[in-house]
Trainee: 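Can you keep this structure in mind? I'll have questions shortly.
All residue numbers in this chain count up from 1 along the given sequence.
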Amino acid sequence: MRDRRVALLWAGFAVAALVSVALVLRRPDRLSDLHIYHGALADLRAGRPLYGYVAANGGPFTYPPFAALVLWPITTVALGVVEAVWLAATCAAVVALAVPVGRALGTGRAGQPMPAVAVLLMLSAPVQSNLRFGQVSIFLVLLALLDGMGRPSRVRGVLVGVAAAIKLTPLLFVVYFLVCGRYRDAARAAATFVACGALALAILPGESLTYWAGTVTETSRIGNLASLGNQSVHGMLLRLGLPDDALPLVWAALVVVVCAVALFRARQLAGQGRPGHAVVLVGCATVAASPVSWTHHQVWPVLAAMLLIGAAGVTRRLAGAALLTSMLLSLGVVLGPVSMRPGVQFLFENARTLGVCLLCLAGFGAVAVAVRPARRAALRRAWLRVGVAAAGILAFFAVQPLPAGADPTFKAYGPEEVANPRYFFVCRSPAECADFGTGAPVTFDTRTEKTKVRVNGVVSAQVDRLEYHSAPGGPPRSIPLLATYPGVRTFSFRSATMTHGRLVAYAADGRELATYDDELAAALARRG
C-alpha cells in the first residue's frame, strides 16, 4: 500500500511537471529571462558590452560576470534546444530539492515525503515562476542546500561560493558557517567566491570592471522594486510609502534584526542535528534581506513551509499551512475583493514577506527545543503571550488607513500614451466620446487585470481638476486631463485595487463637483 501511494505521488509530480511545461511553452513570452541570458551572451560574443544589452521586453543582464561564464554554453546550441534542456533541468532540480528536504522531515526511509515535497514544490508560485521565466534561482537554492546540509569534507563550502559568484545573496551562508564555527567551510566558500570573480576578471576584464564599479549597485535595472512581485522587506517598505530619507535606515535595522535572529536560531538547529532546518532558515533570511526578492527567488519559504507542516505540534503545522498557502496563491489578488480595509489588503499583498520574517524570528521553534523539559511549559506560555500580542499588533495595523504611496501600481497616463488602446479604451473618436458622455462631471469605465485596475473616462467642461485617493488618509493623486480631441477631455490611470478608491472632480473655483467611490466599486463589480 505504501509503495502504491509513493508511486501515485510520483505520478502526480510527473503530471504536474508535464502540464506546467506545456503551459509555459504555450506562452508567447515564455522563458523571457533565459532569452535575456542568451541575447546578452550572444552580444558579448559579437564584441558588444554585456551590461549594455537590453532585450525586447526591456530587460538587461543583471548578474555578475562570472554568471556569464557559467551560462556561456547556451550560446553554442540552438535556442529551442536550450529551452527544452532548461525546462527539463528545472524539473530535475525540483526532484533534487525534494530528496534532502524529505530526509530532513525525519521519515525519508518511508519514501512518501519526497514525492509529496516534489509535487507541492512544482505547484508553488516560485517554481512556476522559475519555469515561466527560465530562471537560475532554483539551481542556486539547490547548490546552497546541498552544501549547507553536506557532511564534512574537503570541498564543503565550494558550492556556496559558486552560487554567490552567480548571485550575491548566498553570501549570507558564509556568515552562517562562521556563526556555527565551520571556519574551514566559510574559508572555502569565500575563497571560491573570490576565485570565481578573479576568473571572470581575467576572461572578461571590461565587464568585470563595469559590474563591480557601478552596475552592482544599480538596483533600478532589475525593475520596479515597489511592485508586488518583490516580496522582500525592502519591497514592503517601498509599498508602505516610507519617506526616502527614512527608508534606508529602517530597512537596514529590520534586516539586521531578521538576519541576526535567524542566524542564531540556525546555529541552534545545526547543533541539534537538524542541518536541513538550519540551512532553509538561512535561505529564508536571504529572501527577506535582499533588496529584491522576486517570486522565483522565494523557493526557500516553500521548503520552510513543508518542514513546518512535517513538524510536531499543531501550531507549527498551522503556521506551515498558512505559509505554504501564501506561496501557492497570490493572496492579494485572490482575497482582494473581500478585503474591507486598506490595511487588510496590505497584509494580504505582503503575506509572503511577513510570513518569511516571522519564520526567521521564530526559527522553527528552535528555542523551545533547546531548553530543559522543566522549562518548556513556561516557555510555551511565553510564546503564547507573544503570539497573542503579535496577532493584536497585526489586527491593529490591519484596520489602519495606509498612505496613498502604499499603492505601487498607481500610474496616471499622459498625452504620449493616448494612442494605446490598453490605456484609453472608452472612446476612440470625437463622436464616440460625445456618445459616451452623460452630462455628468465625470463619466468613466474600468478594466480589470490580474494585479491592477484601469480607469478611463471623459470629463465635462465644468471640471477643472481631477484627483484620485487610493486609500483613506493618504494624499491625493492628480489625474491629468488630456485634450485628446477638440472639445473633449479624457483621462486614464491605473491602481492596484478600487476597493477603497475615491475619484473627486473640482471646479475652477475649488468647489467639489462630484465624488465617485461607490461608483468605482460598482463599475469594478460589473467588469468582474
Side-chain angles (χ1 to χ4, degrees), residues 9 12-13 15-17 19-24 26-27 90 94 97-98 101 116-133 135 137-138 141 226-233 235-236 239 280 283-284 287-288 293-310 316-359 391 394 397-398 406-409 448-453 495-499 524 528:
L9 285 171
F13 167 78
V15 171
V19 171
S20 299
V21 169
L23 291 176
V24 167
R26 287 171 57 90
R27 298 182 63 94
T90 301
V94 172
L97 284 171
V101 172
V117 169
V119 171
L120 290 174
L121 264 175
M122 181 58 66
L123 296 177
S124 68
V127 170
Q128 290 293 315
S129 184
N130 273 272
L131 284 168
R132 172 186 170 186
F133 292 106
Q135 257 290 331
S137 299
I138 192 168
V141 171
S227 66
L228 295 177
N230 181 16
Q231 287 288 310
S232 66
V233 171
M236 183 177 68
R239 290 187 288 275
V280 170
C284 288
V287 173
S293 292
W294 301 124
T295 303
H296 53 77
H297 298 151
Q298 299 159 23
V299 177
W300 290 111
V302 183
L303 302 179
M306 296 177 191
L307 292 177
L308 283 169
I309 292 173
R316 294 180 196 171
R317 290 177 178 174
L318 289 176
L323 181 59
L324 183 60
T325 300
S326 72
M327 301 311 300
L328 292 173
L329 305 172
S330 178
L331 297 182
V333 175
V334 174
L335 300 178
V338 301
S339 64
M340 303 303 295
R341 296 285 300 176
V344 174
Q345 179 64 17
F346 185 82
L347 293 180
F348 288 158
E349 291 173 347
N350 295 276
R352 293 177 184 174
T353 302
L354 295 170
V356 171
C357 288
L358 290 173
L359 175 72
L394 289 175
F397 177 75
D407 182 1
T409 309
T448 58
E449 298 179 5
K450 185 176 181 180
T451 58
K452 62 183 70 75
V453 181
S495 183
T497 176
M498 295 294 160
T499 305
L524 180 61

Trainee: I'd like to check Gln135 versus Trp294 (side-chain heavy atoms, cut-off strictly below 4.5 Å). Are they in contact?
Mentor: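 SC-SC contact between Gln135 and Trp294 ruled out.
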Trainee: Which heavy atom of His297 sits nearest to which heavy atom of Ser137, and what is that distance?
Mentor: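 Scanning both residues, the minimum pair turns out to be CD2-OG, 3.1 Å.
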Trainee: Please enumerate all residues that pass side chain to side chain donor-acceptor pair (under 3.5 Å) together with Ser232, with sequence neighbours excluded.
Mentor: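 Listed in chain order: Asn230.
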Trainee: According to side chain to side chain contact (heavy atoms under 4.5 Å, CB included), who are the partners of Leu318, at least two apart in sequence or on a separate chain?
Mentor: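 Leu318 satisfies side chain to side chain contact (heavy atoms under 4.5 Å, CB included) with Val314 once adjacent residues are dropped.
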Trainee: Do Val302 and Leu120 touch side chain to side chain, with heavy atoms closer than 4.5 Å?
Mentor: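 Not in contact.
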Trainee: Quick check: closest heavy atoms across Val233 and Cys357, and the distance to 0.1 Å?
Mentor: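 Looks like CG2-SG, 3.5 Å.
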Trainee: With sequence neighbours left out, write down each residue that passes side chain to side chain contact (heavy atoms under 4.5 Å, CB included) with Leu307, or none if nothing qualifies.
Mentor: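 Leu307 satisfies side chain to side chain contact (heavy atoms under 4.5 Å, CB included) with Val101, Ala104, Leu105, His277, Val280, Phe364 once adjacent residues are dropped.
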Trainee: Under a 3.5 Å distance rule, please check whether Arg352 uses its side chain to pair with a backbone N or O of Ser326 as donor and acceptor.
Mentor: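 Confirmed, Arg352 side chain pairs with Ser326 backbone.
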Trainee: Taking all non-hydrogen atoms of both residues into account, name the closest pair between Cys284 and Leu359 and its distance.
Mentor: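 Looks like SG-CD2, 3.4 Å.
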Trainee: When rounded to the nearest 0.5 angstrom, what is the spacing between CD1 in Ile309 and CG in Leu324?
Mentor: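 Here the rounded value is 4.5 Å.
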Trainee: Ignoring hydrogens, what is the shortest heavy-atom contact between Ala305 and Gly320? Give both atom names and the distance.
Mentor: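 Heavy atoms of Ala305 and Gly320 come nearest at CB-O, 3.5 Å.
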Trainee: Taking all heavy atoms of Pro126 and all of Val299, pick out the closest pair and write down the distance.
Mentor: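 Taking Pro126 first and Val299 second, the nearest heavy atoms are CB-N, 3.8 Å.
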Trainee: Could you measure the distance from the OG atom of Ser293 to the CD atom of Gln298? Nearest 0.5 Å is fine.
Mentor: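 Spacing of OG (Ser293) from CD (Gln298) equals 6.5 Å.
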Trainee: To the nearest 0.5 angstrom, please state how far the CD atom of Glu349 sits from the CG atom of Leu347.
Mentor: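 One gets 9.5 Å once the value is rounded to the nearest 0.5 Å.
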Trainee: For the CG atom of Leu331 and the OG1 atom of Thr325, what is their distance to the nearest 0.5 Å?
Mentor: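 Going from CG on Leu331 over to OG1 on Thr325, the span is 7.5 Å.
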Trainee: Could you pull out all residues at least two apart from Val19 that satisfy side chain to side chain contact (heavy atoms under 4.5 Å, CB included)?
Mentor: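 If we apply the side chain to side chain contact (heavy atoms under 4.5 Å, CB included) test to Val19, skipping adjacent residues, the hits are Val15, Leu23.
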Trainee: Taking side chain as C-beta onward, heavy atoms only, is Leu303 less than 4.5 Å from Val141?
Mentor: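 They are in side-chain contact.
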Trainee: Checking Arg27 now: which residues fulfil side chain to side chain donor-acceptor pair (under 3.5 Å) with it, not counting sequence neighbours?
Mentor: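 Scan of Arg27 (side chain to side chain donor-acceptor pair (under 3.5 Å), adjacent residues dropped) gives Asp29.
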Trainee: What's the shortest heavy-atom distance between Ala319 and Leu308, and which atoms?
Mentor: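 Smallest heavy-atom distance, with atoms named: C-CD1, 4.3 Å.
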Trainee: Checking Leu123 now: which residues fulfil side chain to side chain contact (heavy atoms under 4.5 Å, CB included) with it, not counting sequence neighbours?
Mentor: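 For Leu123 the side chain to side chain contact (heavy atoms under 4.5 Å, CB included) partners, ignoring immediate neighbours, are Ala16, Val119, Leu328.
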Trainee: Using the side chain to side chain donor-acceptor pair (under 3.5 Å) criterion, which residues pair with Asn130? Sequence neighbours excluded.
Mentor: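 Counting only residues at least two positions away or on another chain, Asn130 forms no side chain to side chain donor-acceptor pair (under 3.5 Å).
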Trainee: Rounded to the nearest 0.5 Å, what separates atom CZ in Arg132 from atom NE2 in His296?
Mentor: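 Spacing of CZ (Arg132) from NE2 (His296) equals 10.5 Å.
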Trainee: Run Val94 and Phe13 through side chain to side chain contact (heavy atoms under 4.5 Å, CB included) and show every step you take.
Mentor: CA-CA 10 Å; Val94 172; Phe13 167 78; 3.7 Å; yes
Trainee: Quick one: side chain to side chain donor-acceptor pair (under 3.5 Å) partners of Ser129, sequence neighbours excluded?
Mentor: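 Not a single residue meets the side chain to side chain donor-acceptor pair (under 3.5 Å) criterion with Ser129.
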Trainee: Give, for atom CZ of Phe133 and atom OG1 of Thr295, the distance between the pair rounded to the nearest 0.5 Å.
Mentor: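 Separation between the atoms: 7.5 Å.
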Trainee: Is a side-chain donor-acceptor pair under 3.5 Å present for Thr353 with Gln231?
Mentor: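 A donor-acceptor contact under 3.5 Å links the two side chains.
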